[in-house]
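This report refers to the structure that appears directly beneath it.
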Amino acid sequence: RKEVEQDPGPFNVPEGATVAFNCTYSNSASQSFFWYRQDCRKEPKLLMSVYSSGNEDGRFTAQLNRASQYISLLIRDSKLSDSATYLCVVRNTGGFKTIFGAGTRLFVKA
Amino acid sequence: GAVVSQHPSRVICKSGTSVKIECRSLDFQATTMFWYRQFPKQSLMLMATSNEGSKATYEQGVEKDKFLINHASLTLSTLTVTSAHPEDSSFYICSARVPGLDEQFFGPGTRLTVL
């Protein structure tokens, strides 16, 4: 089993749609959680950190459920510019080792 | 935010040659840098953790003698792919940890093509 698993995708949605990405992680000792965005042939860029209390940044909302070892990302009012691959990222205790999920590709169409 | 650069951005080489990739933290000192590899349509896989002034820590399955890492200063880590073969063709990305922060910043990546 992979340490971090994501929806396989791709997700094809129209502009204005709401889309949700799910992610599960296997190491219960994992400490920090993030969503990154990666555009084609570019480096990943931090979208947002994920906290147990849930956090929101504009159209983006992230949730963490430690009991279920589950992370989610909700994008509201999708824009064409949201088209990218979204990576679920988990950092384990000690050593700052970061584990990336395989990513979910999102296509937002006009 | 902190800036990390990589050089070169793209390299094409013949099989059997060695290729050096540089990763620099431009506006901060990074005691720890990380090297990742990403094959097409796959996620980033951590290859090794590079610590300034000490030997790198390699992930399981990564050959130390093939992927030489040197972190000689607080702003520079290098990855040398020795005797490169076509299967080493990939997108190599470095990142640097900002001291005191629970965050890492990524370089723009180096696309290696081995013919």
Side-chain angles (χ1 to χ4, degrees), chain A residues 1-11 21 23-27 29-52 55 57 62 64 71 84-107, chain B residues 1-7 9-11 21 23-25 30-52 54 56-62 89-113:
Chain A
R1 183 188 173 189
K2 294 180 181 178
E3 285 195 65
V4 178
E5 298 208 55
Q6 295 185 238
D7 285 344
F11 284 43
F21 299 141
C23 172
T24 57
Y25 60 96
S26 61
N27 188 341
S30 296
Q31 190 173 42
S32 306
F33 310 89
F34 311 88
W35 283 101
Y36 276 74
R37 170 193 170 129
Q38 186 175 25
D39 293 292
C40 188
R41 294 176 174 265
K42 300 286 187 181
E43 76 276 21
K45 293 186 183 297
L46 179 64
L47 182 64
M48 58 198 305
S49 300
V50 188
Y51 305 111
S52 297
N55 49 304
D57 182 3
L64 166 65
I71 306 162
T85 296
Y86 290 84
L87 305 171
C88 175
V89 180
V90 172
R91 186 167 299 145
N92 295 333
T93 54
F96 206 75
K97 182 174 178 178
T98 304
I99 310 297
F100 285 79
T104 301
R105 191 77 171 89
L106 172 66
F107 294 96
Chain B
V3 179
V4 176
S5 71
Q6 271 184 252
H7 178 80
S9 59
R10 181 185 296 268
V11 59
I21 303 170
C23 177
R24 293 180 186 274
S25 56
T31 53
T32 306
M33 290 184 173
F34 305 88
W35 286 97
Y36 295 84
R37 179 168 54 183
Q38 185 176 33
F39 292 107
K41 298 187 178 181
Q42 296 186 27
S43 190
L44 280 74
M45 296 299 294
L46 180 65
M47 298 176 67
T49 301
S50 170
N51 296 297
E52 187 268 337
S54 64
T57 302
Y58 289 81
E59 295 300 304
Q60 191 173 13
V62 178
S89 298
S90 186
F91 191 44
Y92 292 86
I93 308 176
C94 73
S95 73
R97 181 179 182 182
V98 179
L101 296 181
D102 184 25
E103 192 170 356
Q104 59 181 314
F105 290 87
F106 288 85
T110 298
R111 192 161 299 280
L112 171 64
T113 302

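Below, chains carry the letters A, B, ... as their sequence lines are ordered, and counting in each starts from 1. FYI, side chains are in, hydrogens and waters are out, and symmetry mates aren't considered; it's all heavy atoms of this structure. Quick caveat: nothing in here was measured; it's all calculated off a predicted structure.
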Q: Report yes or no: does Ser43(B) contribute a side-chain atom to a donor-acceptor pair with the main-chain N or O of Gly101(A) at less than 3.5 Å?
A: yes
**Q.** Heavy-atom proximity to chain A below 4.5 Å, by part of Leu46(B)
**A.** side chain
Q.
Is there a side-chain contact (heavy atoms from CB on, under 4.5 Å) between Lys97(A) and Glu59(B)? Walk through the geometry before answering.
A. CA-CA 10 Å; Lys97(A) 182 174 178 178; Glu59(B) 295 300 304; 2.7 Å; yes
Q) What is the distance from atom CG of Leu46(A) to atom CZ of Phe106(B), rounded to the nearest 0.5 Å? A) 9.0 Å
Q.
Using 0.5 Å steps for rounding, measure from the OH atom of Tyr36(A) to the CG atom of Leu44(B).
A. 10.0 Å
(Q) Could you check whether atom CE of Met45(B) has more than 12 heavy atoms from other residues, nucleotides or ligands sitting under 6.0 Å from it? (A) no
Q: Would you tell me whether Gln38(B) and Gln38(A) have side-chain atoms, one donor and one acceptor, within less than 3.5 Å of each other?
A: yes
Q: Would you name the heavy atoms of Tyr36(B) and Thr98(A) that are closest together and state the gap between them?
A: OH-CB, 3.6 Å
**Q.** Top contributor to chain A contacts, counting heavy-atom pairs under 4.5 Å, from Gln6(B), Lys41(B), Arg111(B), Gln42(B)
**A.** Arg111(B)
**Q.** Part of Ile99(A) within contact of chain B (heavy atom distance under 4.5 Å)
**A.** neither
Q | Interchain contact, Arg41(A) with chain B, by part (heavy-atom threshold 4.5 Å) | A | both
Q) Around atom CZ of Phe39(B), are there more than 12 heavy atoms of other residues, nucleotides or ligands at under 6.0 Å? A) yes
**Q.** Proximal component of Thr85(A), with respect to chain B [non-hydrogen, under 4.5 Å]
**A.** neither
(Q) Restricting to non-hydrogen atoms, name the atom on Phe91(B) and the atom on Lys42(A) that form the minimum distance, rounded to 0.1 Å. (A) CE2-O, 3.6 Å
